[in-house]
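I have placed the structure first, in the form of structure tokens, so that the comments after it can refer back to it.
Each ligand, and each atom within it, is numbered from 1 in the order the structure gives. From a predicted model like this one, the values you see are computed outputs, not experimental measurements.
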Amino acid sequence: MLWLARFSGFASAAMIMVILAPSLQSFPFPPAEAIRSSHFDPQRRFLETALLDSSFHLGGFPLGFTFKRAPEFKNAAPRKCSSGRFSATLVCDPSLVHVAITLDFEYLRGSMAAIHSVLRHASCPEDVFFHFLVSDLAPELETLVRSTFPLLKFKVYFFDPNRVKKLISSSVRSALEQPLNYARNYMAEMLEPCVSRVIYLDSDLVLVDDISKLWATDLGYSTVGAPEYCHANFSKYFTAGFWTEKRFSRVFRGRKPCYFNTGVMVVDLQKWRRFDYTKKIEDWMEIQRRFRIYELGSLPPFLLVFAGKVKAIEHRWNQHGLGGDNVNGSCRDLHVGPVSLLHWSGSGKPWLRLDSAQPCPLDSLWAPYDLYYSAASA
Ligand SMILES: *[C@@H]1O[C@H](CO)[C@@H](O)[C@H](O)[C@H]1NC(C)=O
Ligand SMILES: *[C@@H]1O[C@H](CO)[C@@H](O)[C@H](O)[C@H]1NC(C)=O
């Protein structure tokens with residue numbers, strides 16, 4: 001129920017604080033807009049203090065971020081895993097599986113479920129290293145991840161939203177304009193240089209299969225691997241003006257571009273660095289700002305640079321669209337075929353729908369990974 005409130009990150013956290021801590025209910029609560037636009041924010045200071053204050057605990061769980069401690073996942077065949085052969089914290093250990101995911105308040109519940117799902121199904125959970133891309137409250141989020149997943153190998157990276165703010169133009173859904181959505185374009189420079197491959201995962205998905213299978217993807221000459229959807233009408237991802245303007249549309253000459261979803265990508269970071277794809281994507285965002293060549297957020301520049309060049313991965317690794325469309329978030333069914341990953345892309349999110357007691361049938365597949373602890377469900 002709390003997560004129904006789709007305010008800005010701070011507002012959501014503030015809601016939790018206010019509702020779960022009756023003594024705080026008199027705390028003045030500015031509208032979400034005010035929180036978003038102010039630089040110095042006394043409310044934020046209050047939250048930071050309160051979240052770290054050990055007196056705000058309920059049943060052993062930190063009250064501000066009420067997440068249960070995840071069970072410790074043991075793999076079936078520990079001797080096949082590499083953990084222990086190298087220093088546990090060494091990010092450059094070549095046997096690690098690297099996963100990048102964003103952490104912010106609005107999607108925190110989703111991110112935690114995603115991490116949980118990766119660990120639960122990994123044959124070697126101790127070999128998975130998480131790279132968290134964070135734009136705000138990095139120390140608090142680090143503490144939270146540590147307490148929820150005590151044995152997790154991870155590093156938190158600060159993604160400066162100012163890096164992209166000037167480049168972002170409005171899109172059909174305001175959630176698509178969040179700077180953190182664009183962090184996936186900066187992994188090559190943010191992550192440790194020794195990390196040569198990473199799996200990028202959105203925050204609104206769960207894996208139901210061993211991530212090491214996805215990690216083993218042969219990218220061939222490609223920089224990005226992702227499931228392709230060649231029957232989708234590719235032209236609708238760009239405006240009519242884009243297609244008539246030859247200097248833009250010629251980018252697809254000699255390519256057979258197909259839609260792919262950027263929520264699940266296997267990325268060769270070495271090739272990315274070598275060809276500076278970050279700059280190529282930024283160049284398209286600059287063109288978008290001036291000529292408006294598409295309506296969606298961070299996806300189209302990826303299509304412009306990579307569509308028709310990605311290594312096609314089995315569709316089972318991104319059963320996307322479960323959140324419904326960008327307007328109504330209506331219920332969707334799975335695509336035909338096997339399932340290794342369920343993705344609630346679109347405007348409906350399973351935690352919001354479950355809390356509203358109007359879930360879609362497939363939302364029940366997300367629920368087992370939910371680590372959110374609410375006083376009501378306790
Ligand atoms: C694809 O979409 C474009 C633009 O929306 C439309 O003009 C075209 O007719 C569509 N093509 C097909 C085969 O549906
Ligand atoms: C959303 O729902 C409204 C009202 O039920 C309907 O009129 C509209 O066509 C729907 N939009 C989409 C994109 O499905």
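A salt bridge does not link Lys311 with Glu228: none of the charged nitrogens is closer than 4.0 Å to a carboxylate oxygen.
The salt bridge (Lys or Arg N to Asp or Glu O under 4.0 Å) analysis of residues 332-341, with sequence neighbours excluded, yields no pairs.
Not a single donor-acceptor pair under 3.5 Å links the side chain of Asn318 to the backbone N or O of His315. In this structure a side-chain-to-backbone donor-acceptor pair under 3.5 Å is present from Lys153 to Glu126.
Protein residues are said to neighbour a ligand when one of their heavy atoms lies under 4.0 Å from it; for ligand 1 these are Asn233, Ser235.
The shortest side-chain heavy-atom distance between Glu282 and Arg163 falls under the 4.5 Å cut-off. Tyr294 is not listed as a side-chain neighbour of Trp284, based on a closest heavy-atom distance of 4.5 Å or more.
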